[in-house]
Amino acid sequence: MSKKYYITTPIYYPSGNWHLGHCYTTVLCDALARYKRLQGYDVYYLTGTDEHGQKIQERARQNNMAPKQFVDGLVDDIKKLWELLDISYTKFIRTTDVEHETAVQKIFQKLYDKGDIYKSSYEGWYCTPCESFWTQTQLKDGKCPDCGREVKLTKEESYFFRLSKYQDRLIDLLTNTDFLEPRSRVNEMVNNFLKPGLTDLSVSRTSFDWGVKVPFDPDHVVYVWIDALSNYITALGYASENEKDFETYWPADVHMMAKEIVRFHSIIWPAILMALDLPLPKKVFGHGWLLFGGDKMSKSKGNVVDPFILVNRYGLDAVRYYLLTALPYGSDGTYTNEAFIKKINADLVNTLGNLVSRTIAMTEQYFDGVIPAPEVEDKEIDQPLIDAIKGAYGNVTDYLEKFEINKALEEIIALTERANKYIDQTTPWILAKNPEQKGRLKTVIYNLCETIRTAGVLLRPFLTKTPPKIFAQLGINDEELIAFDSAGKFPAKLVGCKVQKGEILFPRLKLEQELEELSKLC
RNA sequence: CGCGGAGUGGAGCAGUCUGGUAGCUCGUCGGGCUCAUAACCCGAAGGUCAGGAGGUUCAAAUCCCCUCUCCGCAACCA
């Protein structure tokens, strides 16, 4: 059996505005999943939706729909989005799946039987119009922080999870292992929540009923913590009659998410797993936010960028490329239409696309499209390019292992930049005029073809449309030549391949014109 | 003193952990080339690194202190 790799996105809350932020996390995981698959891992890639809760119930009511009916539509939308983005997930879990709901009840029961869940009550300030509970410290001037209206002291019965019991183990986990990355998030968690001391966690609600019923107390529904977080194991069949996938894939290799939910995944989730006596995930990674201009993307701010518009207009790979390069390790990044257009032009059009175009064109013109065997070398000029070709594979994989996706891609673009320079150094068009230089020209063309082959192979985890186009243009029929680890091998067996000029990989975008169009469309 | 992050040429960023006179991409200007998608290659101008005529040091963007500004987090927005 091959090595396994289990990667997850969070399960998204169907708020009705799927935007580039959701796309970021999901495309990021997709790239990692593809990367591991290409390396021969048995990959399980999970994504899904978190569909219970008061907000959904309310919004469904506003739309005169049953909650399930309401979320069904939103789930259809997001599935279409993932299809649009070529997301290669293994399973899409919904918290409304019967298997999930059943398993959640079993988990809740198990924790209760063990004594890690107990019944009690909590006091809070209740805002009737908002139907929300607030703690003393959350109140603004004694009023509801959301709407500013009066609140009244109310007592609500609830089941509690003994989170406090796991405090020491959690501190140890976060501070003494690399469970949580980036490291800066560890400080945040430890200083804000662990050091001050954990309090037990309310894990049921009676104020709404759109959720999983507590098995032994149907007035209560299981609150989000246990319902949503446990998707990572219920998706694999945990607490079902068939736990085969669970046995194969758990623990997760990485839970990927944006920074605002790191807390739940690095404190509450491990505690639940500890209580269930299950192995912990190997890694929780909290990436930054894709900001719009300087602001967080949100519907209320009206700055949501529609992924469908971008993909339809610029192609999937342009969008995937931008997303994957937009965020440095652990930090925030920005989306603007202008930055997007410029980045695509600079990297994909001018550098990568143009290199492929000119290389194929020269191979056709000088060698009738048949990739020649190298003959005459010029070590001083050739070696730096060959070193770059050979080195790229190791650099890219190193960055991927460290979740520095943007740098991995930079590495590939840098390779193509290097090849563009090589063309100027070797001036093939001059070599072509002198029959005595034919041998030298063969080597130059061969090296260039190798470069674009390597770039194409290395791009396979990130871009889904472009690599096959590059291989087709190179006339590659041999699977070996597109295998991921073949990227590190030079020379490969390209000699004799019949190149074929295809459509331009990425058409040039006119900045002014596109900005105008986009402002109309969005 | 709530916690965390950030403040570097016109824009966006790297460099700060392991101190030694600042680097990348885009833009601008000049040159070269013509295989290529007005693309490509080379070169230049432009910053003294938020502020403190602060501390440590032979030497600080880089370590310490203070101030200012911006952003995020504080029970469910990737």
Side-chain angles (χ1 to χ4, degrees), chain A residues 9-13 15 17-29 50 52-55 132-135 137-138 182-193 195-196 199 201-202 223-225 227-229 256-264 268 286-291 294-300 327-328 330-334 336 338-339 342-343 345-351 353-366 406-407 410 413-414 417 419-432 444-445 448 501 503-509:
Chain A
T9 73
I11 46 175
Y12 304 113
Y13 202 70
S15 59
N17 58 328
W18 305 121
H19 55 66
L20 277 183
H22 298 99
C23 297
Y24 176 76
T25 308
T26 309
V27 169
L28 170 62
C29 288
D50 167 22
H52 291 130
Q54 188 169 14
K55 281 187 192 166
S132 308
F133 260 98
W134 306 101
T135 63
T137 50
Q138 287 176 305
R183 198 71 200 172
S184 58
R185 308 259 180 252
V186 171
N187 303 331
E188 222 170 312
M189 293 305 122
V190 172
N191 290 333
N192 279 320
F193 307 112
K195 272 190 191 162
T199 53
L201 188 71
S202 168
Y223 196 45
V224 63
W225 311 123
D227 181 14
L229 287 168
M256 188 64 70
M257 71 209 62
K259 60 187 180 182
E260 85 282 357
I261 53 173
V262 160
R263 179 173 161 206
F264 319 135
I268 298 174
H287 64 71
W289 278 337
L290 183 62
L291 303 171
D295 286 333
K296 183 171 176 182
M297 283 191 196
S298 77
K299 200 174 190 179
S300 57
L327 303 202
S331 309
D332 293 345
T334 306
T336 62
E338 185 173 348
K342 281 184 170 173
K343 184 81 175 164
N345 269 343
D347 294 355
L348 298 183
V349 178
N350 295 347
T351 305
N354 187 44
L355 175 68
V356 171
S357 176
R358 62 202 302 210
T359 298
I360 299 297
M362 287 192 282
T363 309
E364 287 194 332
Q365 286 170 40
Y366 306 146
N406 62 318
K407 289 197 177 174
E410 272 173 27
I413 298 302
E417 278 172 348
N420 275 323
K421 183 188 174 91
Y422 180 78
I423 294 179
D424 267 60
Q425 288 176 312
T426 54
T427 56
W429 53 92
I430 292 176
L431 297 177
V444 168
I445 294 301
L448 287 171
K501 202 159 178 59
E503 271 184 37
I504 278 175
L505 294 179
F506 299 95
R508 168 161 304 282
L509 304 174

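In what follows, chains are A, B, ... by sequence order, proteins preceding strands, each numbered from 1.
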Closest to side chain of A:Thr199, choosing from B:A39, B:C35, B:A75: B:A75

Sugar-phosphate, base or nothing in reach of A:Pro428, heavy atoms under 4.0 Å: nothing

Rounded distance in Å between the C1' positions of B:C40 and B:C58: 47 Å

Closest to the A:Lys259 side chain, choosing from B:C40, B:G72, B:A75: B:G72

Touch class at under 4.0 angstrom, heavy-atom based, for A:Gln365 against every strand present: sugar-phosphate

Minimum heavy-atom distance between A:Trp289 and A:Leu327, given as atom pair plus value: O-CD2, 3.6 Å

Sugar-phosphate only, base, or nothing, as touched by A:Ile268 at under 4.0 Å among non-hydrogen atoms: nothing

A:Met362 and A:Ile423: CA distance, side-chain angles, deciding distance, side-chain contact (heavy atoms from CB on, under 4.5 Å) verdict: CA-CA 11 Å; A:Met362 287 192 282; A:Ile423 294 179; 4.0 Å; yes

Sugar-phosphate, base or nothing in reach of A:Lys343, heavy atoms under 4.0 Å: nothing

Write down the protein N/O and nucleotide N/O pairs, taken from nucleotides 3-7 of chain B, whose separation is under 3.5 Å; answer none if there are no such pairs.
unit_1	atom_1	unit_2	atom_2	d
B:C3	O4'	A:Asn192	OD1	3.1
B:C3	O3'	A:Asn191	ND2	3.3
B:C3	O2'	A:Asn192	ND2	3.2
B:G4	OP1	A:Asn191	ND2	3.2
B:G4	O2'	A:Glu188	OE1	3.3

Sugar-phosphate only, base, or nothing, as touched by A:Phe506 at under 4.0 Å among non-hydrogen atoms: base

Nearest-angstrom distance from the residue atom CZ of A:Arg358 to C1' of B:C40: 4 Å

Length of the CG-C1' vector between A:Asn406 and B:A14, whole Å: 11 Å

Integer angstrom distance from the P of B:G19 to that of B:A60: 14 Å

Separation between the C1' atoms of B:G4 and B:C41, rounded to whole Å: 45 Å

Options B:C13, B:U37, B:G32, nucleotide nearest the side-chain atoms of A:Leu505: B:U37

Protein-nucleotide distance (A:Asn350, atom CG; B:U37, atom P), rounded to Å: 12 Å

Span that lies between the P atom of B:C63 and that of B:A38, in whole angstrom: 47 Å

Rounded distance in Å - CD (A:Glu503) to C1' (B:U37): 13 Å

5' priority, RNA chain B, between A:Ala346 and A:Ile430 [closest heavy atom]: A:Ala346

Residue pair A:Ala228 / A:Ile11: nearest heavy atoms and the distance that separates them: O-CD1, 3.5 Å

A:His22 vs A:Thr9 side-chain heavy atoms within contact, under 4.5 Å: no

Side chain to side chain contact (heavy atoms under 4.5 Å, CB included) partners of A:Ile261, counting only residues at least two apart: A:Pro10, A:Met257, A:Phe264, A:His265

Nucleotide B:A36, atom C1' - distance to CG of A:Leu355 in whole Å: 9 Å

A:Ala258 to A:Gly288 - nearest heavy-atom pair and separation: CB-O, 4.3 Å

Stems formed with participation of RNA chain B [Watson-Crick or G-U wobble, under 3.5 Å, three or more pairs]: B:2-7 with B:68-73, B:10-13 with B:23-26, B:28-32 with B:40-44, B:50-52 with B:65-67

Spacing between A:Lys421 atom NZ and B:C33 atom P, to the nearest angstrom: 17 Å

Options B:A78, B:C41, B:C33, nucleotide nearest the side-chain atoms of A:His287: B:A78

B:A39 and B:C33, which share atom name C1', separated by this distance in whole Å: 12 Å

Candidates B:A78, B:U37, B:C13 - which lies nearest the side chain of A:Ile261: B:A78

Touch class at under 4.0 angstrom, heavy-atom based, for A:Thr363 against every strand present: nothing

Between B:U37 (C1') and A:Met362 (CE): distance, integer Å: 14 Å

Touch class at under 4.0 angstrom, heavy-atom based, for A:Tyr24 against every strand present: nothing

Minimum-distance nucleotide (side-chain atoms of A:Ile423 versus B:A78, B:C35, B:C13): B:C35

Residue whose closest nucleotide on RNA chain B lies nearer the 5' end, A:Asn420 versus A:Tyr13: A:Asn420

Listed nucleotide nearest any side-chain atom of A:Arg508, set B:A39, B:G32, B:C77: B:A39

Distance, P atom - from B:G7 to B:C26, rounded to whole angstrom: 22 Å

Value in whole Å for how far the C1' atom of B:A75 lies from CZ of A:Phe264: 6 Å

Between B:G2 and B:A74 - C1' atom distance, rounded Å: 9 Å

Among B:C26, B:A78, B:C40, the nucleotide that comes nearest once only the side chain of A:Lys342 is considered: B:C26

Side chains of A:Ser357 and A:Leu505 in contact at under 4.5 Å (non-hydrogen atoms): no

Pair of N/O donor and acceptor under 3.5 Å linking B:A36 base with A:Asn354 side chain: yes

Minimum-distance nucleotide (side-chain atoms of A:Arg263 versus B:C26, B:A36, B:A74): B:A74

C1' atoms of B:U34 and B:C17, separation to the nearest Å: 48 Å

